2 protein chains.
Amino acid sequence: MSQGHMEVTALLEPCGKEEHPDCGIRDVLTRVGDKWSVLVIVELASGTRRFRELQRAIDGISQRMLTLTVRRLERDGLVARTVFPTVPAQVTYELTDLGSSLTHLVKQLADWSLAHREDIANSRTDYDVANPDHTIH
Amino acid sequence: MSQGHMEVTALLEPCGKEEHPDCGIRDVLTRVGDKWSVLVIVELASGTRRFRELQRAIDGISQRMLTLTVRRLERDGLVARTVFPTVPAQVTYELTDLGSSLTHLVKQLADWSLAHREDIANSRTDYDVANPDHTIH
DNA sequence: CTGTATCCACGTGGATACTG
DNA sequence: CAGTATCCACGTGGATACAG
């Protein structure tokens with residue numbers, strides 16, 4: 001049993017059952033799935049960035065949400081935060097090795113999203129036409 | 001421009017700027033990142049399942065959330081829903097080709113989560129020790 | 001069995017103002 | 001520049017009851 005599908009098939013079992021209410025997958029996926037994390041990760045994949053650089057690069061993100069997002073990524077060990085005690089303060093962010101290894105997968109997901117967003121959009125339109133009064137988002 | 005990183009680097013640009021408030025990546029990622037979708041997808045990766053089978057396989061999911069989750073996956077074209085008008089009603093769910101193509105990436109993400117959950121847990125512990133009174137989840 | 005309908009608690013995320 | 005502190009609106013998700 002080297003790589004392949006063994007891990008995943010073996011993965012649902014401990015996930016679903018009562019002794020393992022949370023197997024760790026959801027932690028990662030909710031982090032990746034939150035509103036801004038992926039955009040931060042992809043931006044940092046291009047190199048080290050300062051706080052304001054990140055905010056300028058990621059349109060629409062508020063100061064508060066950028067702070068929260070990078071803090072969570074830092075806590076998970078995906079991003080390294082470096083403070084230079086200058087005046088005014090200067091802080092840089094960069095991906096850790098762990099973060100970089102995730103970046104590769106995130107990029108694949110992003111590429112998939114890009115490749116299939118038309119399919120998804122069409123499917124949604126069809127569904128909405130067939131089910132005029134649904135309440136799903 | 002065959003594959004590689006071109007798509008991704010070209011992907012942040014239309015995402016961040018005002019003319020493209022949403023480039024479609026977030027749609028997919030929030031779907032993958034929501035609480036139950038991945039567990040449903042991975043379960044369906046093993047084959048067709050009925051509603052109750054899914055609920056039994058995924059411990060802790062409520063009837064309502066299972067309904068919402070499979071409906072959203074159906075609307076996105078990732079899951080096909082088939083109704084047999086028997087009494088009582090019988091409904092089966094299976095991955096579409098689109099869903100299967102995503103499954104592969106989801107499994108990689110799940111494997112990554114499994115492989116690195118110790119690292120992440122340790123990183124969080126370290127962070128929490130270093131920052132005793134933070135409010136981040 | 002396969003849902004729908006209601007109600008509700010909670011967390012996420014946005015806007016704004018203020019600070020070192 | 002790089003945050004922190006409030007306040008608040010909204011959506012998600014859980015519990016429960018009911019229905020086809």
Side-chain angles (χ1 to χ4, degrees), chain A residues 21-22 26-27 29-40 43-44 48-76 79-94 131-137, chain B residues 18 21-22 26-27 29-40 44 48-76 79-94 131-137:
Chain A
D22 192 303
R26 199 170 291 161
D27 280 347
L29 288 170
T30 53
R31 178 67 64 250
V32 170
D34 73 15
K35 193 166 184 180
W36 301 108
S37 288
V38 164
L39 294 180
V40 170
E43 178 64 22
L44 289 180
T48 300
R49 295 285 187 275
R50 298 180 57 175
F51 188 87
R52 288 287 305 176
E53 291 175 333
L54 280 175
Q55 192 173 14
R56 271 190 293 266
I58 304 171
D59 191 78
I61 193 171
S62 65
Q63 220 165 21
R64 177 183 126 91
M65 288 317 299
L66 181 54
T67 300
L68 278 177
T69 303
V70 293
R71 283 292 186 287
R72 294 197 275 232
L73 293 173
E74 184 195 3
R75 188 171 101 101
D76 288 356
V79 162
R81 177 172 173 269
T82 310
V83 181
F84 299 93
T86 58
V87 177
Q90 179 171 342
V91 181
T92 62
Y93 297 90
E94 58 188 326
N131 307 74
D133 52 351
H134 70 80
T135 31
I136 314 167
H137 336 306
Chain B
E18 46 286 334
D22 192 300
R26 199 170 290 162
D27 280 345
L29 288 170
T30 55
R31 178 66 64 251
V32 171
D34 71 17
K35 194 166 183 180
W36 302 107
S37 289
V38 164
L39 295 180
V40 171
L44 289 181
T48 300
R49 294 286 186 275
R50 295 181 57 177
F51 188 86
R52 287 288 306 177
E53 292 175 333
L54 280 175
Q55 193 174 14
R56 271 190 294 267
I58 304 171
D59 191 77
I61 193 170
S62 65
Q63 220 166 24
R64 177 182 124 91
M65 286 318 298
L66 180 54
T67 300
L68 278 177
T69 303
V70 292
R71 282 294 186 285
R72 294 196 274 232
L73 293 173
E74 184 195 3
R75 188 170 100 101
D76 288 357
V79 162
R81 177 173 174 266
T82 309
V83 180
F84 300 94
T86 58
V87 177
Q90 180 172 342
V91 181
T92 62
Y93 298 91
E94 58 188 325
N131 307 76
D133 52 350
H134 70 81
T135 30
I136 314 167
H137 337 308

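Proteins get letters first, then strands, A, B, ... in listed order; numbering begins at 1 in each. Small disclaimer: the values here were computed from a predicted structure and weren't measured.
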Tell me the interatomic distance from [X], atom [atom1], to [N], atom [atom2], rounded to whole angstroms.
| X | N | atom1 | atom2 | value |
| --- | --- | --- | --- | --- |
| A:Gln90 | D:dC1 | CD | P | 11 Å |
| B:Ile61 | C:dT2 | CD1 | C1' | 14 Å |
| A:Leu66 | D:dT4 | CG | C1' | 14 Å |
| B:His134 | D:dT4 | NE2 | C1' | 16 Å |
| B:Gln55 | D:dA15 | CD | P | 12 Å |
| B:Ile136 | D:dT4 | CD1 | P | 8 Å |
| A:Leu68 | C:dT12 | CG | P | 9 Å |
| B:Glu74 | C:dT2 | CD | P | 15 Å |

Do [X] and [Y] make a side-chain contact, defined as non-hydrogen atoms from C-beta onward lying under 4.5 Å apart?
| X | Y | result |
| --- | --- | --- |
| A:Thr69 | A:Lys35 | no |
| A:Arg26 | B:Leu39 | yes |
| B:Arg72 | B:Asp34 | yes |
| A:Arg75 | B:His134 | yes |
| A:Leu44 | A:Val79 | yes |

Think [X] has a side-chain N or O under 4.0 angstrom from the OP1 or OP2 of [N]?
| X | N | answer |
| --- | --- | --- |
| B:Tyr93 | C:dC1 | no |
| A:Arg71 | D:dG3 | yes |
| B:Arg81 | C:dG3 | yes |

Keeping the roles fixed (side chain from B:Arg81, backbone from B:Val91), state whether a donor-acceptor pair exists under 3.5 Å. no
Using side-chain contact (heavy atoms from CB on, under 4.5 Å) as the criterion, point out the one residue from B:Asp76, B:Val70, B:Leu73 that pairs with B:Ser37. B:Leu73
Which part of the nucleic acid, if any, lies within contact of B:Arg50, taking any heavy atom under 4.0 Å across all strands shown: a base, the sugar-phosphate backbone alone, or nothing? sugar-phosphate
Return the 5'-most residue of the pair A:Pro88, A:Gln63 with respect to DNA chain C, ranking by each residue's nearest nucleotide. A:Gln63
Both B:Phe51 and B:His137 contact DNA chain C. Which one's nearest nucleotide lies toward the 5' end? B:Phe51
Out of [options], which has the shortest distance to the side chain of [X]?
| X | options | answer |
| --- | --- | --- |
| B:Met65 | D:dG13, D:dA2, C:dT2 | D:dG13 |
| A:Arg72 | D:dA17, C:dG13, D:dG13 | C:dG13 |
| A:Thr67 | D:dG20, C:dG3, D:dT4 | D:dT4 |
| A:Asp34 | D:dC1, D:dG14, C:dG13 | C:dG13 |

Counting distance alone, no hydrogens or angles: does the base of D:dG3 have a donor or acceptor under 3.5 Å from a partner atom on the side chain of A:Arg64? no
Starting at CG of A:Leu54, measure out to CD1 of A:Ile61 and round the result to the nearest 0.5 Å. 8.0 Å
Bend angle of the helix from C:dC1-D:dG20 to C:dG20-D:dC1, end axes from five pairs each (to 10°): 50°
